[in-house]
Amino acid sequence: MSAELAKAYDPAAVQAEVAKVWEDEKCFHAEPTDPGEPYSIVIPPPNVTAALHLGHALNNTLQDILVRRARMQGKNAVWLPGTDHAGIATQTVVEKRVLKEEGKRRTDFPRDEFVKKIQAWKDEYEQVILGQLKAMGCSCDWDRCAFTMDEARAKAVREAFFQLFKAGLIYRGKRLVNWDPATLTALADDEVENREVDGFFYYLKYPLADGSGTITVATTRPETMLGDTAVAINPKDPRAAALKGKFVKLPIVGRVIPIIEDDYVVLPVSLGGDPADTKAQMATGFLKVTPAHDPNDYDIGQRHNLPIVNVMAPDASISDKHGWTDGIGDAGFLLGKSREEARKLVVKWFKDNGLLEDQKPYRHSVGHSYRSHVPVEPYLSDQWYCRVTDDRLRGAALRAMDKTQITGGTGFQPMAESEHGLKTHATDGGLKFYPDRYAKTYQTWHENIRDWCISRQLWWGHQIPTWSFDAGTEQDVREALVYIQRLESEDRAAHGNFGEAQTLHVCLRYEDDAQAANYLESRGFRRDPDVLDTWFSSGLWPLSTLGWPESPAHRLADSPLSIWNPTSVLCTAREIITLWVSRMVMFNEFFLRKIPFKDVFVHAMIQDGEGRKMSKSLGNGVDPLDIIASHGTDAMRFTLASMATNTQDVRMPVEKDPATGKNTSPKFDLGRNFANKLWNAARFALMQIESAGDKSVAKAAPTTLDLWILSRFSRTVAECDDAMANYRFDQYARACYDFFWRDFCDWYIEAAKVQFKDPAQKASTAHVIATVLDASLRLMHPMIPFVTEKLWWRLNEVYPNRGIEGWINAPVNARRPGTEGVSERVICAAWPTPGKTDETAEAILGHLQELITGIRVARNDYKVQPRQSVTVTIVAPACGAEQIEKHREIVESLATCRIAAIAIDTLASPPANAAKITAGPCEVYIEGLVDEAAEKQRIARRREELTKSIAAMKGRLSNAGYIAKAPANLVKQTQDQLAAAEAELSSLSAGGGE
RNA sequence: GGGCGAUUAACUCAGCGGCUAGAGUAUCUCCUUUACACGGAGAGAGUCGGGGGUUCGAAUCCCUCAUCGCCCACCA
């Protein structure tokens with residue numbers, strides 16, 4: 001039995017105690033065979049690169065609220081935790097660390113040795129991250145913890161790759177990629193960061209091949225001219241006709257290249273180009289086309305069937321060994337030079353030869369590697385691609401959308417069953433975004449999607465399970481093919497021929513198929529050293545965490561996959577709608593013909609007080625563990641939940657904590673204060689309940705006050721349900737806050753103090769207070785689990801076996817059936833359901849509150865000391881008078897007054913020396929308030945208010961359109977209010993305010 | 001360049017066609033009343049970014065401008 005509760009809420013002590021019980025009782029573990037409607041969430045796996053930040057705290061708090069509530073609603077709820085290996089990012093941080101600590105580079109180690117180092121880093125941070133999640137109170141099913149590169153996930157990746165490969169959805173392609181010449185790897189688009197750079201526009205003169213003059217191209221990258229294979233001009237350019245069919249002799253190299261027409265070329269301003277367009281201002285109208293070194297030029301090259309001449313080595317030095325086969329002319333002096341040196345030398349050459357027309361400073365943004373920070377080189381290389389533009393992927397992703405959220409039709413109709421021998425799942429659609437505006441982001445992305453480059457030149461990741469024919473005899477190939485066909489007949493492998501040389505690539509299905517791998521390698525095949533893009537494994541997350549691929553024996557059983565996929569909701573930040581959400585949908589659709597989740601909830605992003613992203617480099621980040629230490633976990637969670645509005649960003653002013661020197665925010669005080677208020681209100685309630693003695697004695701009928709708080713509670717539960725149905729965590733938090741602090745603490749508890757004094761009402765009041773406390777704790781538990789859990793235990797000690805049904809219409813259900821076993825001790829019992837509301841009680845309390853507040857305001861106006869009582873005479877309408885009489889003691893207690901008399905409708909002789917105020921439907925004379933100055937001020941102020949609103953209402957009523965078109969009840973309401981205001985105004989004048 | 005969001009009290013945000021526009025923090029006054037000073041009772045504080053329009057009625061819907069921010073694309 002725990003001792004008395006401490007006077008102030010001590011989060012650290014409570015968290016430790018509560019967390020232990022949760023863990024011991026395995027409260028968060030679920031089995032597919034458990035009863036209840038399935039409810040599942042997969043965590044967006046945090047990268048193992050670093051500890052979690054406040055964005056994670058928000059993201060995971062919201063998920064935890066969802067899953068805890070679902071659990072309390074009796075659903076078979078599971079939250080699958082895990083982490084992501086985050087290929088490039090993790091390898092980079094480890095490379096940095098190794099360089100700093102050992103002075104060595106990655107290439108100084110054998111591959112497997114370096115991977116071990118990364119593995120060690122991963123182990124370290126995974127522990128940190130999981131510890132943080134637990135500290136945040138996340139109710140994950142820890143037994144199902146996953147990692148995107150563990151054995152089970154590796155199996156899923158291998159199977160997925162094989163199936164996609166076999167279906168022809170994976171191919172080897174030569175494309176321009178974002179190449180990092182420092183680390184020698186391709187980068188994904190999102191791994192490229194743009195930076196403004198000061199550069200120059202160089203104007204280079206190219207002589208026409210027929211000697212009839214020169215044309216001038218403008219470029220920021222003169223060194224790439226070595227790879228030019230055309231010069232383009234806009235067909236609308238007046239000069240185009242004369243140049244049709246002509247050629248240019250490329251300086252230095254001597255290559256003769258055509259002048260082609262392409263409307264991609266921007267017209268210079270002098271020829272009708274847009275004067276506002278910087279490009280048009282700088283352009284000459286002639287564009288050098290270098291398909292091997294510029295993505296747009298590559299596209300032009302494709303359109304015009306131009307040769308591709310790659311003039312660089314992988315380290316971006318000038319080289320004639322990587323595709324520059326048509327003669328280098330006089331370019332020998334450039335070979336082996338870096339991009340930067342080559343640029344200078346090329347410019348110098350043009351200058352020396354009188355072909356540099358001009359050079360203008362130009363500031364533009366250039367893509368830099370997010371890893372090495374050197375400029376990214378568009379570079380032609382062989383990569384693996386996933387054909388996401390195929391209807392089975394892109395089309396399926398678009399068809400997955402909820403019909404109500406599609407704008408203008410997607411153009412992707414359900415595919416015919418015969419087309420691929422597959423059909424889409426029976427209920428096309430159903431994937432719904434909250435807020436719905438994000439559906440558009442998703443749709444547009446898919447409509448403009450390009451094939452996905454899935455290979456990365458890294459060591460940290462899932463190595464691509466393909467072997468390509470590298471060096472061997474024709475005989476080897478022939479024999480291998482026979483062998484491969486046998487493997488294919490056993491469904492152990494698939495093959496494809498890719499590239500100009502139609503190189504044979506074989507994909508092996510099983511990791512442990514050493515026999516096949518050995519055979520291939522003995523015949524001159526080599527395993528691809530590259531690894532898969534991180535998003536390939538995270539795209540499989542809803543599948544792989546739930547046991548896909550399942551062995552055939554499991555498929556019919558109640559497997560995790562069949563019960564929990566599709567998951568209920570994906571809760572994420574908006575920047576990965578494209579990168580992650582899209583891929584999960586495509587994969588889930590492809591492998592299971594199902595959407596991976598029904599709802600996608602995209603929450604706001606937390607910025608600092610200046611609207612900047614929180615980041616390490618800016619030093620404006622807030623560490624969740626610091627807030628947990630300074631304010632408590634519940635405080636952090638409550639504050640975060642209340643910030644989770646419908647908008648896309650929320651701001652959190654960041655300050656230094658003077659005590660610790662760490663970043664914090666005053667916003668967290670909101671949560672801390674609330675948790676403390678809850679703690680103390682419960683402490684008081686528990687004291688009263690204890691001292692009320694025997695709970696089994698017959699209870700008095702509920703008072704109006706009791707009915708009122710129960711009614712208010714019912715409304716609050718309904719509000720919370722409504723908020724949660726729309727993922728409006730802020731509304732949920734606010735509803736709880738307002739109910740608990742304003743209604744329950746400020747009014748109910750204060751008024752109940754009067755009821756507790758009456759022996760006849762003591763037991764029943766204790767019962768109501770216990771009922772409401774119990775239900776409130778459960779209502780708020782998903783959001784602030786620790787403090788509510790602890791208080792709930794204490795309540796059960798003080799008031800065990802409290803029957804909540806029975807003599808009052810309790811708005812709660814006591815405990816969910818079937819949970820008497822394992823979770824008996826913990827609050828997971830039951831989410832409250834809304835009960836009856838009581839309009840009468842709410843109306844009566846409304847009037848009493850007006851009366852009490854009116855008297856309080858007057859006391860303040862007249863500067864009456866808080867403890868000094870005043871004597872009042874109240875004039876009220878008949879029904880009101882009755883209620884005031886009934887609640888006389890409550891009014892006296894809360895307004896610190898003594899009621900001398902309650903008159904009905906009028907008062908023959910008002911008390912002398914009394915100030916008269918209006919409080920709702922009542923008039924109140926307060927004796928002994930003789931501060932004339934204060935009174936005059938008060939009356940003047942009130943008169944002004946009334947005059948203003950009377951004028952507004954009269955104006956409205958004199959508007960013919962208003963009378964004619966506005967709803968009748970509104971018109972009536974305005975008329976009534978006007979009459980009341982006018983009556984009060986005249987009574988103010990009559991009452992001798994002057 | 002395209003898309004999205006924000007602009008409401010000093011600060012952070014609700015409200016998104018109809019009560020005198022609300023809350024928390026901060027400020028001011030009073031109060032250490034045995035649940036809570038991480039508290040209580042009050043007060044002051046806003047031409048709802050500017051300008052048009054629709055409507056009987058606009059913070060709320062439409063157009064437009066401005067500022068800030070995010071995402072995507074592009075960067076000869």
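Treat the numbers as computed from the prediction; the structure is a model and nothing was measured. Order of the sequence lines fixes the chain letters, A, B, ..., with proteins taken first and strands second; residue numbering starts at 1 for each chain.
- If you check every strand for non-hydrogen atoms under 4.0 Å, A/T896 touches nothing.
- The OH-P distance, from A/Y442 to B/C72, rounds to 17 Å in whole Å.
- Separating the P atom of B/U47 from that of B/G22 is a span of 15 Å, rounded to the nearest Å.
- Taking only distance into account, the side chain of A/K863 never meets the base of B/C30 through a donor-acceptor pair shorter than 3.5 Å.
- The side chain of A/Y962 lies closest to B/G18 when the candidates are B/G18, B/A43, B/C19.
- Within the nucleic acid shown, A/A966 comes within 4.0 Å of at least one base atom, counting heavy atoms only.
- Rounded to a whole Å, the CZ atom of A/R683 is 9 Å from the P atom of B/A35.
- In this structure, the nucleotide among B/G18, B/C36, B/C13 sitting nearest to the side chain of A/V650 is B/C13.
- In this structure, A/R672 reaches the bases: a heavy-atom distance under 4.0 Å links it to at least one base atom across the strands shown.
- For the pair A/N860 CG and B/U29 P, the interatomic distance rounds to 13 Å; values are reported in whole Å.
- If you check every strand for non-hydrogen atoms under 4.0 Å, A/K7 touches sugar and phosphate atoms only.
- A side-chain donor from one of A/D228 and A/T290 sits under 3.5 Å from a side-chain acceptor of the other.
- Comparing B/C30, B/C70, B/A35 by their closest approach to the side chain of A/N680 singles out B/A35.
- Taking only distance into account, the side chain of A/Q977 never meets the base of B/C19 through a donor-acceptor pair shorter than 3.5 Å.
- Remark: A/W741 is not in phosphate contact with B/C38, judged by side-chain N or O atoms under 4.0 Å from OP1 or OP2.
- For A/R574 and B/C4, the CZ to P distance is 14 Å, given to the nearest whole Å.
- A/R728 has a side-chain polar atom (N or O) that falls below the 4.0 Å cut-off from OP1 or OP2 of B/G15.
- Nucleic acid contact for A/P295: none, since no nucleic acid atom lies under 4.0 Å from a heavy atom of the residue.
- Side-chain N/O atoms of A/Q865 and base N/O atoms of B/A41 include no donor-acceptor pair closer than 3.5 Å.
- Judged by distance alone, the side chain of A/R898 and the main-chain N or O of A/V870 form no donor-acceptor pair under 3.5 Å.
- Of the candidates B/C38, B/U20, B/C30, the closest approach to any side-chain atom of A/P866 belongs to B/C30.
- A ring pair (Phe, Tyr, Trp, His ring centres under 6.0 Å) with A/W679 is found for exactly one of A/Y9, A/F684, A/F740, namely A/Y9.
- The CG-C1' distance, from A/L678 to B/C36, rounds to 11 Å in whole Å.
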Problem set entry | Stepwise side-chain contact (heavy atoms from CB on, under 4.5 Å) check, A/Y202 with A/F350 | CA-CA 10 Å; A/Y202 300 94; A/F350 272 82; over 6 Å; no
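- At distances below 3.5 Å, not a single donor-acceptor pair connects side-chain atoms of A/Q688 with backbone N or O atoms of A/F756.
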